[in-house]
Amino acid sequence: MKIKIMLVTMILFFMAMDSYAESPTVRFRVREAAPAYFKDKNGSWTGFVVEQAKALAKEAGLKIVYIDMPWKRALFSLEEGSLDLLGNMSITEERQTFTNFIGPHRFEQMKLIVSKNSDYQIKSHEDLRNIPGKISLIRGLWYGEEMKILVQDTTFMDKIHWVSGSKLATQEIERLRIGRVKAIIYPDFFVKNMDGIKYHPFIISSNPVYFGVSKKTSKALFDKLNKAANHLVKTGEFQRIENRFH
């Protein structure tokens, strides 16, 4: 009798271990960019996009694996399937070839960051030509249809200083402060330290952003994430999470 009890106990133990080992995970991209993504005093990832992703994973019954990488590499990883989930994505024709979009989880505006002493008269995208110097843009970000046309114009290309996302928060802001570049186009609300700089009121682009799921991720995983995202949008939970960081 004791042997039978021991056998049953061992079977249940190994079943539980197998269940734990096979618990589904979702690989989610992070990168230091407060207040959307940053590490708290305990070294844990947080920020409004991270917390939205946590809520999404919890609702879907998934565990998050954080993968720290630059934005451009994250797009490649999503395409090849080594990344499952990427936040803050605008829908573009190119991205739709390798991404299924769920959400949206927030609304984003792209704006100009300029010197606090500047007085640029910008009322249209064409007026960007009148900025007396370089404009920094991040490779891989979506700036809207008007900017897509403008950056392909050979007469405008020399004004653009392309940078990687990992360099913007430190290097490009400092370059702007000392006058090496005259403007940066970046999402509104992401830059908190506005010493010597400001957001220009002109809006470069404005659109909803989504969580992108790799098309190489399993259908079962996508279905869980999609159902969870629909619920969180409907209940307003995504918006409540972002509001905590304002």
Checklist entry - Do you know which two heavy atoms are closest between Y186 and I113, and how far apart they sit? => result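 Between these two residues, the closest heavy atoms are CB-CD1, 3.8 Å.
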Checklist entry - Which atoms form the tightest heavy-atom contact between A53 and I64, and what is the distance? => result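 Smallest interatomic distance, heavy atoms only, reads O-CD1, 3.5 Å.
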Checklist entry - Which pairs count as side-chain hydrogen bond (donor to acceptor under 3.5 Å, both in side chains) when at least one residue sits in residues 144-153, sequence neighbours excluded? => result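 Only R129-D153, D153-T155 qualify under side-chain hydrogen bond (donor to acceptor under 3.5 Å, both in side chains).
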Item to check | Distance (rounded to the nearest 0.5 Å) between S118 OG and H200 NE2 | outcome: 7.0 Å
Compare all side-chain heavy atoms of [X] with those of [Y] and state whether any distance is below 4.5 angstrom.
X	Y	value
I122	S124	no
F98	E80	no
V163	L137	no

Item to check | Under 3.5 Å side-chain donor-acceptor pair for S214 and D84 | outcome: no
Next on the checklist: List the residues meeting side chain to side chain donor-acceptor pair (under 3.5 Å) with N100, not counting sequence neighbours, and say none if there are none.
Outcome noted: none
Item to check | Sequence-distant partners of E51, side chain to side chain donor-acceptor pair (under 3.5 Å), two or more places apart | outcome: T46, K54
Item to check | Set of salt bridge (Lys or Arg N to Asp or Glu O under 4.0 Å) partners for K123, sequence neighbours left out | outcome: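 With neighbours one apart ignored, the set is empty.
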Item to check | Residues forming a salt bridge (Lys or Arg N to Asp or Glu O under 4.0 Å) with E79, sequence neighbours excluded | outcome: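 E79 satisfies salt bridge (Lys or Arg N to Asp or Glu O under 4.0 Å) with no other residue.
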Next on the checklist: Is there a path of hydrophobic side-chain contacts, each under 4.5 Å between heavy atoms of I/L/V/M/F/W/Y residues, joining V151 to I131?
Outcome noted: yes
Checklist entry - Can a cation-pi geometry be assigned to R31 and Y66, taking NZ or CZ under 6.0 Å from the six-membered ring centre and within 45° of the ring axis? => result no
Item to check | Whether F38 and F245 hold their rings parallel, tilted or perpendicular, with breakpoints at 30° and 60° | outcome: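 Ring orientation of F38 relative to F245: perpendicular.
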Checklist entry - So L128 and L112, side chain to side chain contact (heavy atoms under 4.5 Å, CB included) or not? Walk me through it. => result CA-CA 10 Å; L128 296 175; L112 279 169; 3.6 Å; yes
Enumerate donor-acceptor pairs with a distance under 3.5 Å from any side-chain N or O in residues 224-234 to protein atoms, sequence neighbours excluded.
unit_1: N230; atom_1: ND2; unit_2: N226; atom_2: O; d: 3.3

